[in-house]
Amino acid sequence: MERKIAVCPGSFDPVTIGHLDIIKRASKLFDTVIVVVMSNYKKMGNYSFSQEERVEMLIRCTRNMPNVVVDSHCGLLAEYAKEKNAVAIIKGLRAVSDFEDEFQQALINKKLNGDVETLFLSADSDNMFLSSSVIKQVCSFGGDISAFVPKEILSDIVERLR
């Protein structure tokens, strides 16, 4: 039987509880979810954590999800999805403002790889305001981020950003 594989891409700098919620929900829909740490050309040189560190943090945070694997990639997402035989790309949406950019990316990915569909999962209402950027800002000013990030990586984030 063919296994249904999905790719859940992001920069995850750092991973948030919102990211984990999308990953958990996707893992219930697919046989395998590959969480892939991507390099976003808009953020090049502005990462707080290296690609290797982000992969390692995600591995710790997804350890209890048996059908989730973590990887990294620096090229085109559509090509990566094809290499992995993925049938879907999973994207989380926080607000309508996320949709325009994500929709454009979905159309491009479909043109580059006609065998992959992009599925949008709405953020849980408790997480709609969360972004890695907001967490980094709050943490750098000494704010408590423990409700926003997985406990497995809280100390890593605080140590790096304070």
Side-chain angles (χ1 to χ4, degrees), residues 1-44 46-136 148-150 152-153:
M1 181 195 319
E2 188 176 339
R3 299 188 55 77
K4 297 289 183 192
I5 299 169
V7 174
C8 187
S11 51
F12 305 107
D13 186 45
V15 63
T16 70
I17 61 168
H19 290 132
L20 277 187
D21 177 58
I22 296 295
I23 294 165
K24 284 178 192 170
R25 289 164 47 206
S27 74
K28 294 176 184 175
L29 301 172
F30 293 90
D31 298 314
T32 302
V33 173
I34 304 170
V35 180
V36 60
V37 176
M38 302 290 293
S39 292
N40 183 332
Y41 78 94
K42 293 178 186 174
K43 298 178 183 178
M44 293 305 252
N46 294 319
Y47 289 114
S48 296
F49 297 91
S50 72
Q51 194 166 32
E52 294 78 19
E53 288 171 320
R54 291 178 278 147
V55 166
E56 193 273 327
M57 287 191 285
L58 274 161
I59 289 170
R60 282 192 275 152
C61 294
T62 60
R63 185 169 280 135
N64 295 325
M65 297 181 219
N67 65 329
V68 172
V69 295
V70 181
D71 197 7
S72 64
H73 185 68
C74 293
L76 291 172
L77 178 59
E79 289 178 6
Y80 179 85
K82 185 177 279 190
E83 280 175 30
K84 299 298 180 180
N85 296 313
V87 297
I89 295 170
I90 305 297
K91 295 296 209 113
L93 294 179
R94 291 175 298 215
V96 174
S97 56
D98 286 346
F99 182 75
E100 188 173 348
D101 186 46
E102 295 294 354
F103 185 65
Q104 183 180 32
Q105 288 179 42
L107 293 173
I108 291 168
N109 286 328
K110 188 67 173 170
K111 284 286 188 193
L112 295 173
N113 177 355
D115 294 330
V116 71
E117 298 294 337
T118 298
L119 302 179
F120 298 109
L121 296 180
S122 300
D124 183 274
S125 60
D126 292 341
N127 301 326
M128 291 190 99
F129 63 92
L130 276 183
S131 72
S132 296
S133 299
V134 167
I135 286 169
K136 289 190 279 191
F148 310 137
V149 299
E152 295 89 346
I153 62 170

Side-chain donor or acceptor of Arg25 paired with backbone N/O of Ser122 under 3.5 Å
yes

Grab the two heavy atoms, one from Phe99 and one from Leu93, that are nearest each other, plus how far apart they are.
CD1-CD1, 3.8 Å

Take Leu20 and Met65 through the side-chain contact (heavy atoms from CB on, under 4.5 Å) test and state the conclusion after the steps.
CA-CA 10 Å; Leu20 277 187; Met65 297 181 219; 4.0 Å; yes

Roughly how far, to the nearest 0.5 Å, is NZ of Lys4 from CG of Leu29?
13.0 Å

Between CD1 on residue Ile34 and CG on residue Asn85, distance to nearest 0.5 Å:
9.0 Å

Shortest non-hydrogen contact from Leu119 toward Ala88:
CD1-CB, 4.2 Å

If the threshold is 4.0 Å, N to carboxylate O, is there a salt bridge linking Lys91 and Asp98?
no

Can you name the closest pair of heavy atoms from Val15 and Val149 and give their distance?
O-CG1, 3.9 Å

Under 30°, 30 to 60°, or over 60°: which ring-plane class applies to Tyr80 and His73, parallel, tilted or perpendicular?
tilted

Could you grab the distance from atom OH of Tyr47 to atom CD of Glu53, nearest 0.5 Å is fine?
13.0 Å

Could you measure the distance from the CZ atom of Arg94 to the OG1 atom of Thr16? Nearest 0.5 Å is fine.
8.0 Å

Can you measure from CG (Leu58) to CD1 (Ile153) and round to the nearest 0.5 angstrom?
7.0 Å

Residues Cys74, Gln51; criterion side-chain contact (heavy atoms from CB on, under 4.5 Å); working and verdict
CA-CA 10 Å; Cys74 293; Gln51 194 166 32; 3.4 Å; yes

State, with a plain yes or no, whether a side-chain heavy atom of Gln105 is found less than 4.5 Å away from one of Ile89.
no

Is any side-chain heavy atom of His19 less than 4.5 Å from a side-chain heavy atom of Pro14?
no

Could you walk me through whether Ile90 and Val33 pass side-chain contact (heavy atoms from CB on, under 4.5 Å), step by step?
CA-CA 9 Å; Ile90 305 297; Val33 173; 5.7 Å; no

As a quick check of understanding, evaluate side-chain contact (heavy atoms from CB on, under 4.5 Å) for Lys110 and Glu117, giving each step before the final call.
CA-CA 7 Å; Lys110 188 67 173 170; Glu117 298 294 337; 2.7 Å; yes

Under 3.5 Å donor-acceptor, Asp13 side chain and Phe49 backbone:
yes

Is the distance between the ring centroids of Phe120 and Phe103 under 6.0 Å?
no

Looking only at non-hydrogen atoms, find the nearest pair between Gly75 and Met38 and report the distance.
O-CE, 3.4 Å

With the side chain counted from C-beta on, respond yes when Pro150 and Ile17 share a heavy-atom pair under 4.5 Å apart, and no when they do not.
yes

On a heavy-atom basis, the closest approach of Val68 and Ser27 is CG2-CB, 3.8 Å

Gly18 versus Leu130, closest heavy-atom pair with distance
N-CD1, 4.0 Å

Measure from the side-chain N and O atoms of Ser132 to the backbone N and O of Phe12, and report whether any donor-acceptor pair falls under 3.5 Å.
no

OG1 of Thr62 to CG of Asn67, rounded to nearest 0.5 Å, is 10.0 Å

